[in-house]
Amino acid sequence: MSGSTKYWLLKSEPDCFSIDDLAREKNKTTCWDGVRNYQARNYIRDDMHKGDKVLFYHSSTNPPGVAGVAKIVKDPYPDFTAFDPKDKHFDPKSRQESPRWFMVDIKLEKKLKRFVSLDELRKIKSLEGMVLLQKGSRLSVQPVTQQQFEIVCQLADKPAPAE
DNA sequence: GCCAACGTTGGC
DNA sequence: GCCAACGTTGGC
């Protein structure tokens, strides 16, 4: 084994696939298919490893925010939905012999004790470097530091801040 | 539904 | 390789 645990934030639209959907999956595990952005692909293909930890983020919902923690349980492998002409994420340019898109499997570790909203994250000084909080940032796969990961988890264990 | 910020495409 | 046009993301 090489390398140490890395930390990530994965966005999902809950109308499409929520943390509760993940909880209902067999073994609470799903393949993270459908990523069709090169920067996100590079993170998945080149930097993700089994054992890495994931913040599961709900986007395009009100409010957006972090809903839970998951773990990568399978190393990156070709996203087979790109090979299927009937699939919504079909990409004819991705070939079996040279796959263009990759995915990992993730397993739910826990739903956070409470939902931590984007608005709340923005107010935390020590999180201002998070990729998520940068202006114009819309990558669906983002690296987070171990410290950022732990701060978000600890926030969820405390009561929600008063308005 | 609006629109800013990005990413992708394709003509040249 | 430039860049205008178009498409997408995602907070608001």
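Scope of the values below: all heavy atoms of this structure, side chains included, with no hydrogens, waters or symmetry mates. Protein chains get the first letters and strands the later ones, always in sequence-line order, with residue 1 at the start of each.
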ring-ring contact (aromatic ring centres under 6.0 Å, His included) pairs, two or more places apart, involving residues 100-126 of chain A: A/Y38-A/W101
Could you run through nucleotides 4-11 of chain B and give me one letter per nucleotide, 5' to 3': B if any protein heavy atom sits under 4.0 Å from the base, S if only the sugar-phosphate is that close, - if neither? -BBSS---
Could you tell me whether A/Q147 atom CD has more than 12 heavy atoms of other residues or ligands within 6.0 Å of it? no
Using a strict 4.0 Å threshold on nitrogen-to-oxygen distance, state whether A/R122 and A/D119 make a salt bridge. no
Let me check something: do A/F56 and A/V152 share a hydrophobic cluster, defined by ILVMFWY side-chain heavy atoms less than 4.5 Å apart, either directly or through other members? no
For the residue pair A/W32 and A/F17, does the interplanar ring angle fall in the parallel (under 30°), tilted (30 to 60°) or perpendicular (over 60°) class? perpendicular
